[in-house]
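Working notes, structure below.
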Amino acid sequence: MVFSSHLFVYYFLPITLAIYYILPRRAKHGALTLLSYVFYGWANPYFVLLMFGSTVVDYVCGLAIVGRLGRGKGRIRTLPKDGARSRGQKVALAISICSNLSLLAFFKYFNFAAGNYNAIVSALGLADMQWEGVFRVTLPLGISFYTFQSMSYSIDVYRGDARAIRAFPDFACYVAMFPQLVAGPIVRFSEVSEQLLRRAHTLEKFTRGVAFFSLGMAKKVLLANPCGKIADTVFDAGSVLAPDAWYGAVAYAFQIYFDFSGYSDMAIGLGLMLGFTFPKNFDSPYRADSITDFWQRWHISLSSWLRDYLYVPLGGNRKGPRRTYVNLAAVMLLGGLWHGAAWNYVIWGGIHGGMLALERAMGKDSAYRRLPRPARIAMTFALTAFAWVFFRSGTLTEAFSYLGHMVGVGAVQPGAALIAGIVYRPYYVLSMSAAAVVVWVAPQTWDWTRRLSAVRAAACLAALWLSLIALATQAYNPFIYFIF
Amino acid sequence: MTRSLARMRRDTAARDIGRTTVTPWVSASLIGAFCATLLAAGVVQHVAEMPSASPDGEPRSWPQPYDVFRLLPSRAEIAAVGSPRDALRLAPSVREITGFEDALEDASALDGAILPRAQQVLSRYLGVGNEQAYLGRDGEMYYRPDVDYATGPGFLDAAHLARRVKGGPSWEDVPHGDPLPAIRSLHAALQARGISLVVVPVPVKPVLQAQGLAPFAHPRGVAHNPSYASFIDTLASDGVRAFDATAILAVTEEAYLRTDTHWTPRAVERVAAALAAYTRDEVGLTTRAHAGYARGAEEIENIGDVATMLKLPPRPGIIAPEPVEIRPVATSTGEAWAPEPTARVLLLGDSFANIYSLGAMGWGEGAGLAEQLSHALQEPVDRIALNAGGAYAARQELSRQLMRGDDRLAGKEVVVYQFAVRELYSGDWRVYDMPAPAAGTPGPGRGQVMAHARVVALSMPPQPGTVPYPDCVIAFHVSDITSEGGVTAPDEAVVFVWGMRDNEWTPEASTAVGAQLRMRLTPWADAEAQYGSYSRRELDDEDAWLLDVYWGEILP
């Protein structure tokens with residue numbers, strides 16, 4: 001189910017809020033879990049079984065790690081942070097991590113591995129060894145997000161950063177919670193463990209949630225979707241003129257930002273309506289003046305997850321410059337692969353990883369750092385938009401072909417002239433302009449909604465209504481991050 | 001250090017939310033308005049649907065959103081569960097879930113009220129159409145799949161073909177993207193019977209009138225898909241004749257309608273005349289005695305299918321109707337032209353053949369491509385032309401008739417296969433057998449039958465507004481037929497019924513599998529002339545094609 005859909009806004013959400021607030025406190029998490037399963041199962045009911053299975057495994061492992069498996073009573077304590085762990089605790093953690101990674105590996109990377117294997121044996125002249133009859137695996141929605149969340153539970157409990165949960169509905173609610181289930185932000189267990197036990201439901205929270213949800217919806221429907229239409233038109237064309245190629249690349253950069261940050265805002269807003277507070281996921285990323293800065297502002301929940309659960313365990317920057325560069329590149333390559341099982345994503349991750357390493361190598365006194373900040377922001381944005389081409393293109397060949405068109409290389413078909421007749425209509429130019437203003441000038445949702453005056457509340461409502469009106473004219477338009 | 005960063009993010013968020021400043025009045029107002037907004041669609045739907053009726057004619061007891069409960073298994077289905085696998089099967093399919101959500105949006109009274117007005121603002125002030133319709137200059141409109149053909153990658157490119165296989169809903173058959181196998185197969189089948197095939201890909205508007213959409217496009221440019229030349233060359237090397245209408249249309253003034261996907265009557269006549277000359281000169285169709293076909297003249301005005309797809313408010317003056325002059329063809333005795341099953345030429349076509357012939361398209365009758373070809377040849381022409389599905393629908397119908405023993409190719413010397421070039425890019429080029437004449441199942445007798453029957457399968461119409469045709473015929477596979485009045489009827493049959501009229505699903509489209517219906521059945525042979533050219537969704541099960549076919553009307 002998509003937040004920006006008729007079904008969600010007019011039926012699922014009011015019913016969910018009504019049930020949630022009518023039920024007594026003890027029943028809230030159970031109801032929220034069941035409703036989240038409906039939300040998730042809407043894409044494919046069988047995927048719910050998969051998520052439920054994963055939830056059970058991590059729940060059991062969590063109890064095993066704290067030694068409370070099969071012991072009904074007694075307070076569960078947080079493990080000592082730097083204390084020794086028994087073999088049983090290590091095995092329980094390994095089971096949790098392996099089961100989650102196995103799920104991810106099978107459902108997300110099986111087709112990729114099979115395709116690469118086929119390509120390799122074919123290149124070696126062993127075409128008869130191809131896996132022709134092998135089944136194709138359907139990617140369950142949001143599996144990358146909930147497996148990372150689930151893993152964070154076992155790891156946090158094992159490290160002593162959070163207490164294990166005894167009540168299964170509470171844990172199932174954490175894993176399945178529909179606001180951030182399919183496209184993040186990745187909420188770590190330690191970030192909500194206390195809230196699962198107790199949290200306040202206040203008018204201020206709910207009001208701020210409405211504001212977040214309304215502005216997120218506006219970002220998605222009024223900005224991301226029109227920019228996406230431009231990007232789709234240009235990227236799906238056989239060939240395009242150079243100015244159109246740049247326009248399309250910038251449009252995609254805007255689309256993915258507003259699509260994802262809009263979703264995050266809606267998720268945070270829905271969380272607030274249900275009493276949860278989720279951390280910030282975006283911090284005006286296109287105002288970054290370096291790629292290092294960019295990754296402190298873009299999809300913060302993923303970048304910090306990778307940092308805490310991958311980069312730091314690999315040694316981080318504690319093992320010398322060379323190892324630091326290798327760690328940065330490895331983390332970003334895996335981050336690229338996390339987004340999608342294709343070489344495009346690996347290259348996208350490689351570009352970012354390479355830039356992170358380069359910036360670290362250049363140090364803080366480099367010539368680049370002495371450039372005026374607006375110039376650094378412009379260069380960072382150009383590099384980011386360039387890298388997004390790999391992210392958006394269907395294949396590597398298409399990505400390189402598109403980059404060729406951006407610099408005027410490659411034949412252009414006669415129909416390419418038609419592109420301009422579509423993407424420069426006033427509506428799209430206006431949408432792109434509005435997107436640019438919001439990206440570089442407007443305040444962030446977090447800051448702007450902190451003080452909700454009557455005018456701002458009215459503006460939020462107007463944004464919501466305008467979005468719903470626009471939504472009625474738009475075809476099905478899912479969020480980009482649904483496929484990750 | 002890292003743990004403290006994570007905790008800091010959490011604490012920062014909590015602190016920030018805790019600092020929210022809002023007065024109780026603003027808070028209550030915003031929450032109240034938000035809740036009212038969330039409830040708006042449901043309330044409006046309940047009010048709007050009070051007087052509506054269900055497919056079987058009975059007043060609906062519950063508004064459409066309650067159809068969600070139809071996704072749940074029935075008591076009988078639950079009681080029949082005997083194994084975990086059975087239990088898993090109780091879950092609704094993705095197709096059923098998607099179908100419900102689509103129907104919910106389509107039936108939404110709130111969206112129905114908002115959409116036309118919002119679209120009018122978008123179109124008038126912001127110059128933008130919708131997912132299917134692009135607005136050009138000076139009132140010109142373009143159909144998105146037509147533009148995609150011109151701007152997209154080569155339709156024969158391996159990457160494009162692979163992407164088409166991956167795209168589309170999981171429950172739909174994988175489309176056959178490559179047109180060459182289907183055309184080669186048709187050519188071989190016809191050649192085996194000594195019949196010549198002439199393929200006629202008709203260029204769509206963006207190919208020849210790019211300037212109407214993009215001011216900087218070359219005024220005389222031809223924007224065919226990059227694979228088009230290769231496609232024509234490959235057909236030639238395979239011995240398949242292709243009549244390329246591009247050059248004729250390029251020099252025809254106003255070759256396309258302004259607000260429609262199709263060509264003008266003038267363009268039809270010019271292409272028909274050139275095609276007739278081609279079949280004589282290149283294919284070798286011998287000249288016969290002049291049949292005496294004559295043309296009249298008639299003024300028609302209508303709003304095009306692309307404009308209709310915009311779903312603008314139904315008020316006069318929003319879009320001006322476009323006037324055209326058609327020249328309907330009549331026989332030497334003054335009767336309206338009709339397809340002749342014994343003709344030497346069979347035209348397989350799509351809506352480009354039907355426009356100016358199928359009255360329901362709104363552009364008059366008697367002046368379509370078959371009529372004008374007949375006039376140019378001065379001999380009768382047979383025709384199988386269906387709106388939509390130009391890549392397969394006409395071939396599918398021919399194949400179906402041949403499989404049932406109805407030899408539509410008997411006496412044919414030339415088959416003209418016309419389709420819009422957009423089909424090359426986005427059509428489904430299924431390969432169909434064209435079996436040699438054999439004794440098939442005898443067709444149903446003539447005359448109407450009143451019967452009771454049970455629906456065992458049905459096809460679904462497209463989502464309204466997603467196709468350029470407002471009407472669509474769907475197919476029911478029915479069994480347990482019991483006729484009234486002692487009239488003989490088969491046990492099983494295929495029954496075509498209206499699935500969509502004027503861009504709205506009919507009650508028949510919501511018929512459930514297993515429904516018992518009372519119907520008036522008309523043998524298809526008697527109904528084909530009236531309903532055979534409408535866009536049609538066939539049953540997935542090709543075995544059903546061998547059954548008797550009827551036109552059906554559901555009775556209370």
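This structure is a prediction, so every number in the text was calculated from the model and none was measured. A, B, ... follow the sequence lines: proteins, then strands. Residue 1 opens every chain. Computation of the quantities below employed the complete heavy-atom set of this structure, encompassing side-chain atoms and omitting hydrogens, waters and symmetry-equivalent molecules.
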Which atoms form the tightest heavy-atom contact between Thr449(A) and Thr20(B), and what is the distance?
O-CG2, 4.2 Å
Does any heavy atom of chain A fall under 4.5 Å from the side chain of Gln211(B), the backbone, both, or neither of them?
neither
With no hydrogens and no angle check, is any side-chain donor or acceptor of Arg450(A) less than 3.5 Å from a backbone partner on Arg19(B)?
no
Best-contacting candidate, Pro65(B), Gly112(B), Gly221(B), against chain A by heavy atom pairs under 4.5 angstrom:
Pro65(B)
Could you have a look at Thr21(B), Thr23(B), Val207(B) and say which one has the most heavy-atom pairs with chain A under 4.5 angstrom?
Thr21(B)
Quick check for you: among Phe278(A), Tyr424(A), Trp305(A), Trp446(A), which has the greatest number of heavy-atom pairs under 4.5 Å with chain B?
Trp446(A)
Under 3.5 Å, is there a donor-acceptor pair between the side chain of Arg425(A) and the main chain of Gly127(B)?
yes
Could you go step by step and tell me if Glu101(B) and Phe8(A) meet the side-chain contact (heavy atoms from CB on, under 4.5 Å) rule?
CA-CA 10 Å; Glu101(B) 189 167 353; Phe8(A) 180 84; over 6 Å; no
Looking at Gln413(A) and Thr151(B), would you say the former's side chain and the latter's main chain have a donor-acceptor pair under 3.5 Å?
yes
What part of Ala159(B) lies closer than 4.5 angstrom to a heavy atom of chain A: side chain, backbone, both or neither?
side chain
Do Arg163(B) and Glu398(A) have side-chain heavy atoms sitting under 4.5 Å apart?
yes
Residues two or more places apart in sequence or in another chain: which of them pass side chain to side chain contact (heavy atoms under 4.5 Å, CB included) with Leu72(B)?
Phe69(B)
Tell me, for Thr202(A) versus chain B, whether the close heavy atoms (under 4.5 Å) come from the side chain, the backbone, both or neither.
neither
Region of Thr395(A) that comes under 4.5 Å of a non-hydrogen atom in chain B
neither
With a 4.5 angstrom heavy-atom cut-off, is it the side chain or the backbone of Thr207(A) that approaches chain B, or both, or neither?
both
Using non-hydrogen atoms only, which part of Ser453(A) is less than 4.5 Å away from chain B: side chain, backbone, both, or neither?
backbone
Check Pro414(A) against Ala223(B) and note the closest heavy-atom contact, atom names and distance.
CB-CA, 3.8 Å
Side chain to side chain, Leu471(A) and Asp111(B), heavy atoms closer than 4.5 Å:
no
Answer whether the closest heavy-atom distance between the side chains of Leu7(A) and Phe100(B) falls below 4.5 Å.
yes
Please identify each residue that fulfils ring-ring contact (aromatic ring centres under 6.0 Å, His included) with Phe231(B), with sequence neighbours left out.
Phe155(B)
Sub-4.5 Å side-chain heavy-atom contact between Ser27(B) and Glu204(A)
no
Minimal non-hydrogen separation, Ile469(A) against Ala118(B), with atom names:
CG2-CB, 3.6 Å
Contact origin within Asn44(A) toward chain B - heavy atom pairs under 4.5 Å:
both
At what distance, to the nearest 0.5 angstrom, does CZ of Phe34(B) lie from CG of Leu461(A)?
9.5 Å
State, yes or no, whether a side-chain contact exists between Thr473(A) and Leu122(B) at a heavy-atom distance under 4.5 Å.
yes
Contacting region of Ile268(A) [heavy-atom separation from chain B under 4.5 Å]:
neither
Nearest heavy-atom neighbours spanning Ala457(A) and Val26(B)
CB-CG1, 3.5 Å
Under a 4.5 Å cut-off applied to non-hydrogen side-chain atoms, are His6(A) and Ser108(B) in contact?
yes
Would you say that Pro45(A) contacts Ile97(B) through its side chain, given a criterion of any heavy-atom pair below 4.5 Å between the two side chains?
yes
Under a 4.5 Å heavy-atom cutoff, which of Ile17(B), Thr12(B), Leu110(B), Thr37(B) has the most pairs with chain A?
Ile17(B)
For each of Ile422(A), Leu49(A), Asp236(A), Leu17(A), tally heavy-atom pairs with chain B at distances under 4.5 Å, and name the one with the top tally.
Ile422(A)
Side chains of Leu38(B) and Val9(A): closer than 4.5 Å at any heavy-atom pair?
yes
Counting N and O atoms only, with roles assigned by atom type, does the side chain of Tyr46(A) sit under 3.5 Å from a partner on the main chain of Leu88(B), one being a donor and the other an acceptor?
yes
